[in-house]
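Just so you know, these numbers use all the heavy atoms, side chains as well, and skip hydrogens, waters and symmetry mates. Order of listing sets the numbers, starting from 1, for every ligand and every atom in it.
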Amino acid sequence: MSRRTNASVDVLGLAVPGVRGLEPYHPGKPLEELEREYGVRNAAKLASNESPLGPSPKAMAAAQAALKEVTRYPDGNGFGLKAALARRLSIPPEQITLGNGSNDILELVARGFVTPQNEVIFSEHAFAVYPIVTRAVGARAVVTRARSYGHDLVAMQHAITEHTRLVFIANPNNPTGTWLRAGALESFIGSVPAQVLVVVDEAYFEYVREPDYPDAIQWLARFPNLLVTRTFSKIYGLAGLRVGYALSSPAIADILNRVRQPFNVNSIALAAAAAALEDPDYVERAAQANVEGMRRLTAEFEQMGLSYIPSVGNFICVEVGQADRVYEALLREGVIVRPVTNYGLPKHLRVTVGLPEENERFLQALKKVLG
Ligand SMILES: *Cc1c(COP(=O)(O)O)cnc(C)c1O
């Protein structure tokens with residue numbers, strides 16, 4: 001038998017087939033990287049839909065207190081956080097699964113339920129993690145065409161076949177900020193065959209003020225194939241701690257619990273998230289500040305004659321022409337936004353609603369760059 005040297009091994013060929021075609025997720029540019037690469041200091045980062053207000057002081061205090069116990073493994077069942085969520089959402093703890101961010105949950109669903117023979121449906125312009133978790137388990141991604149940048153539920157319904165195991169729906173969607181009304185989404189879920197799981201990703205739930213915007217948790221009792229995911233990364237301002245959760249039937253939660261890592265949520269995150277739930281006034285203030293910031297941004301876009309995709313999240317896509325060039329020029333002005341070419345939107349930039357002074361800085365820079 002001949003032995004080859006390591007250098008001749010085709011590592012890409014060794015990767016599982018779905019992974020070979022994957023591209024890594026493109027995160028928003030970190031502030032430190034901008035400093036390193038461009039020498040720009042005191043930049044404004046409006047690139048990752050983080051809360052400009054930071055976390056609630058209650059969450060910060062709980063995180064600090066939890067630091068004292070980091071020698072111990074975290075509570076692998078997340079008893080305290082599940083109890084706090086159960087109280088706030090009026091749902092039994094057996095229907096809650098905690099994740100290392102809600103991205104962890106999205107992956108657990110794919111690993112727990114989706115085989116290489118399955119198809120997974122999601123929309124054009126939908127959240128980038130859906131194709132990653134789909135292809136990583138070797139399944140076929142079925143991407144339906146968007147309608148007015150949002151999810152086309154009729155197209156999604158038509159895409160369902162006997163091979164479909166999972167449908168991802170972000171409500172509202174990132175990066176477009178588009179949303180689905182209660183009636184339409186409810187009848188879609190009702191029309192889906194029982195063996196097809198539906199994930200309704202509500203990462204921005206707490207920001208949305210539209211009267212017809214649904215709380216999908218209310219449908220869990222009727223749809224045993226429904227999962228609702230939420231996160232502490234967005235309005236709660238805890239993105240760096242990585243904690244999110246899924247609400248589902250107890251049977252689905254049981255499967256997710258089998259595939260998750262035993263200690264997938266760390267002890268500081270568990271403590272901070274539970275404390276954050278005890279500060280609803282903070283959430284209300286953050287949502288209100290977002291409404292005002294969004295109003296300011298859209299008013300100025302209109303003044304400047306720029307089109308934008310109306311958004312109910314804490315971010316908005318504005319059409320700027322050659323977006324990659326505008327993105328680079330904004331970096332030089334010390335403002336980090338998010339290019340969305342990889343979402344099929346090469347003319348748009350996504351900007352997160354920041355503090356009033358950050359929004360002004362972005363708008364001034366944008367005016368300068370667009371000349
Ligand atoms: C930000 C975001 C998430 C949440 O990510 P975490 O892993 O919880 O930080 C999930 N879905 C969408 C659509 C998002 O934009």
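The shortest contact between atom 9 (O) of ligand 1 and any protein heavy atom is with Ser233 OG, 2.6 Å. The single protein non-hydrogen atom nearest to atom 1 (C) of ligand 1 is Lys234 NZ, 1.2 Å, given as residue, atom name and distance. Arg242 NH2, 2.7 Å is the protein heavy atom nearest to atom 7 (O) of ligand 1.
Every atom of ligand 1 is numbered from 1 in the order shown, and the set under 4.0 Å from a heavy atom of Ala203 is 2 (C), 3 (C), 10 (C), 11 (N), 12 (C), 14 (C). For ligand 1, the atoms lying closer than 4.0 Å to a non-hydrogen atom of Asn174 are 13 (C), 14 (C), 15 (O).
Pro175 and Leu345 make their closest contact through CG-CD1, 4.2 Å (heavy atoms, listed as atom of the first residue, atom of the second, distance). Ala323 approaches Leu349 most closely through the heavy-atom pair O-CD2, 3.7 Å. Listed here is the closest heavy atom pair of Gly354 and Leu46: CA-CD2, 3.7 Å. Here the shortest heavy-atom pairing between Glu360 and Arg296 reads OE2-NE, 2.6 Å.
Looking at Phe113 and Ile252, their side chains come closer than 4.5 Å, going by heavy atoms from C-beta outward.
At under 3.5 Å, not a single nitrogen or oxygen of Asn100, backbone or side chain, sits near a nitrogen or oxygen of ligand 1. In terms of polar-atom proximity, defined here as any N/O pair under 3.5 Å, Asp104 makes no such contact with ligand 1.
Residue-ligand proximity: Tyr204 is placed with a non-hydrogen atom under 4.0 Å from ligand 1.
Atom CD of Gln322 sits about 16.0 Å away from atom OH of Tyr327, to the nearest 0.5 Å. The distance from the CG atom of Leu98 to the CG atom of Leu85 is 7.0 Å, given to the nearest 0.5 Å.
When heavy-atom distances to ligand 1 are checked against a 4.0 Å cut-off, Asp201 comes that close only through its side chain, counted from C-beta outward.
Considering each of Gly101, Ser102, Ser48, the one bringing a non-hydrogen atom nearest atom 4 (C) of ligand 1 is Ser102.
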